[in-house]
Amino acid sequence: MDISLITVRYEDDARSLERLAASFRYSARSAGLTAECIVVDNTPSPLAQPLHGYEKYIHSDQNLYHSGGSNLAADHAGGRLLLFANPDLILGANAVLRLVRGIESNGARWGVAEGRQIPFDHPKPFDEATGRTPWASGAFMLIERSVFDRCGRFDASSLPMYCNDVDLSWRVRASGLDIRYVSSAYAWHGKRLTREGSVEQSPHEHRSSVSALLCLAHKWRRDDVVDRVISMLRGESGRPRFMQVDDFHRRVAEGLVTRVDPSTAQVATFEGVIPGGTRLM
Amino acid sequence: MELDSCSPVDVTLSPLAARCESPTVSVAVRTQGVRPESLEEVLLCLAGQITAPLEVLLLAHRARPAELARIRRQADWARAVLGLTVIELEVPDGGRAQPLNVALDVASGCLLCFLDDDDHVSPEWVSTFANGHTRHPTSVIRCQTGVREVSRTQDGGMWSQSRILLPYARHFSWLEHIRANATPIIGFAIPLSEVRDHELRFDDSLPIVEDWDFLLTCSRKLGVVDTPAVTAVYNVDGRAMLSGEPAATWRQVEAGVRTRQWGLLEYEVTQAREIPLGLRQDVARLLEVSRPHEVRENEMLTKRQRLFMRAMRAYSRHVDTVQRAIPPGSAVHRALRDTAYRLGGFVR
């Protein structure tokens with residue numbers, strides 16, 4: 001098997017999932033690859049109807065979140081390439097071909113290829129000539145199975161969801177490989193805009209991502225970033241916001257966040273991980 | 001007028017409101033087939049809509065055979081994989097407006113909206129128009145449009161060079177729009193039955209700004225309802241020209257549009273003795289601005305604008321007409337009756 005599509009569901013509708021599978025299969029077929037689709041369902045109640053287009057539907061009795069769900073799906077994946085995709089993605093016709101070419105370019109050591117999300121991509125730095133970027137979004141990333149396993153997969157303990165993709169990307173880079181942004185490989189990801197023109201984020205998403213950011217910074221030995229984020233949380237609201245900070249301290253105290261060794265930590269860069277001008281609430 | 005606010009000049013629902021109980025939306029996508037990747041992105045945007053469009057009219061304008069074949073393949077993919085209802089229409093000749101007029105003729109939805117083959121829309125672009133049409137079925141529905149500078153590569157790559165900017169006015173003003181267009185073609189949808197009843201068409205003699213001219217006409221006749229959500233993004237490739245036309249042509253064509261639109265407006269005001277629907281909000285705003293210190297000293301009214309003001313003053317002397325057109329007791333009603341002279345100072 002050449003490529004496995006892996007997606008993790010939590011209450012996403014079946015139509016979205018089937019649309020993802022259909023667009024992926026077409027794209028993989030266009031690339032001349034054999035393909036399979038795997039979904040791990042974290043929703044408390046499993047789908048009542050069979051999901052069209054998926055070889056494997058794995059319902060988890062407990063919520064494994066994105067990291068645990070993706071790792072579980074990888075256990076059942078037969079592809080030498082793994083494409084992690086959000087359940088509401090719709091792939092362009094040549095997305096798979098271009099991602100595979102991106103990761104298998106001769107003369108370069110690419111560990112991960114990330115595609116572009118339309119209409120609103122995740123803002124982050126990358127080299128326009130080579131596509132080299134410090135991290136890849138787990139919403140649309142291709143990685144070789146061997147690299148995924150060798151680099152330790154997603155860290156479900158430290159980062160169950162949010163920032164788990166950044167963490168994996170940095171471990172891939174620490175292993176000597178690079179991350180490539182392939183803007184010609186695009187997929188629809190239905191983000192909305194606020195009335196101010198920024199990408200909309202629900203309060204839950206915001207809280208969870210900020211908490212994850214603190215855990216990420218702690219794991220990668222960037223206590224300066226931890227301090228800065230905490231002070232931003234206090235400064236912007238005019239009064240202390242403890243929810244994210246409490247959650248972070250709790251996770252550290254419970255030993256859920258394991259720090260990397262100092263030599264590994266050198267690859268971490270928080271440019272683009274804390275978007276400029278983002279308000280932390 | 002915003003969808004979720006009340007205005008003293010709120011348009012009374014027309015009996016035609018009963019025509020579209022569940023408004024369907026046709027989307028016209030104009031392409032020459034020379035940007036296949038960006039066209040594919042547009043189709044993906046349409047596939048991701050939370051309210052599916054009734055149909056996607058893929059208007060292949062002056063496309064060469066190879067490009068036409070590629071457009072057809074993309075339409076097949078959109079039907080088979082994305083589940084869209086795509087209708088390819090070959091438009092072999094005519095100016096920029098020709099494919100848009102074809103769409104006006106063949107669209108079967110309650111509403112028609114437009115996409116060029118290099119813009120992006122958010123998931124609720126179609127539903128925003130549909131919801132607006134439900135409440136205001138005879139008006140043009142306008143969404144908020146952002147602008148983003150992008151760079152594109154030959155292999156279909158694209159990245160943002162700027163964040164999404166919001167340079168356009170949130171509220172539609174006809175008098176501001178005749179100075180400069182503030183609504184890209186992706187930013188409005190038209191009620192098809194009304195447009196057809198009024199026999200409104202895009203002017204195919206215009207080499208550019210055909211959408212601006214059409215919007216001025218439709219908005220004047222039908223009025224405009226603004227929606228607050230930012231649902232469309234106009235991607236500007238910083239390294240590509242807007243069109244192949246030189247700057248002098250732009251100025252000339254724009255001046256011609258302004259002259260014609262003012263002439264049409266004057267005729268309607270003086271002959272029909274009614275404030276056109278699309279101007280009523282402007283009139284209300286003008287009359288609210290009645291303090292002399294808000295007038296800029298160096299402003300000069302153009303001759304056409306003065307004519308319009310004289311027409312408005314003449315109109316305002318017809319009390320019975322005022323009472324019919326404007327709700328009695330409203331600020332506009334009072335102002336038109338009592339302070340017509342104030343109209344002369346505030347149109348720039």
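- Here the CZ atom belonging to Arg173(A) is positioned 8.5 Å from the OG1 atom belonging to Thr133(A), to the nearest 0.5 angstrom.
- For Phe120(A), the CZ atom is densely surrounded, since the number of other residues' heavy atoms within 6.0 Å is greater than 12.
- The backbone N or O of Thr227(B) sits less than 3.5 Å from a side-chain atom of Gln144(B), completing a donor-acceptor pair.
- No salt bridge links Asp76(B) with Arg73(B); every basic N to acidic carboxylate O contact stays at or beyond 4.0 Å.
- Interface remark: Ile90(A) contributes backbone and side-chain atoms alike to the contact with chain B (heavy atom separation under 4.5 Å).
- With Ser4(A) contributing its side chain and Leu83(A) its backbone, the two residues share no donor-acceptor pair below 3.5 Å.
- Without hydrogens or angle criteria, Arg142(B) side chain to Arg170(B) main chain gives a donor-acceptor distance under 3.5 Å.
- Heavy-atom distances place the side chain of Ile50(B), and not its backbone, under 4.5 Å from chain A.
- Counting heavy-atom pairs under 4.5 Å between each of Gly197(A), Ala93(A), Ser198(A) and chain B puts Ala93(A) at the top.
- Heavy-atom distances place both the backbone and the side chain of Glu41(B) under 4.5 Å from chain A.
- Here Leu193(A) is the residue among Leu193(A), Leu91(A), Val199(A) with the most heavy-atom pairs under 4.5 Å with chain B.
- Contact count versus chain A (heavy atoms, under 4.5 Å) is highest, among Leu165(B), Asp155(B), Leu82(B), Val233(B), for Asp155(B).
- Among His189(A), Arg25(A), Glu128(A), Arg98(A), the residue making the largest number of heavy-atom pairs under 4.5 Å with chain B is Glu128(A).
- Most heavy-atom pairs under 4.5 Å with chain A, from the set Ala80(B), Pro123(B), Gly156(B), Gly83(B): that is Pro123(B).
- Annotation: maximal heavy-atom pairing with chain A below 4.5 Å, among Leu43(B), Val121(B), Val230(B), occurs at Val230(B).
- For Arg35(B), the CZ atom is densely surrounded, since the number of other residues' heavy atoms within 6.0 Å is greater than 12.
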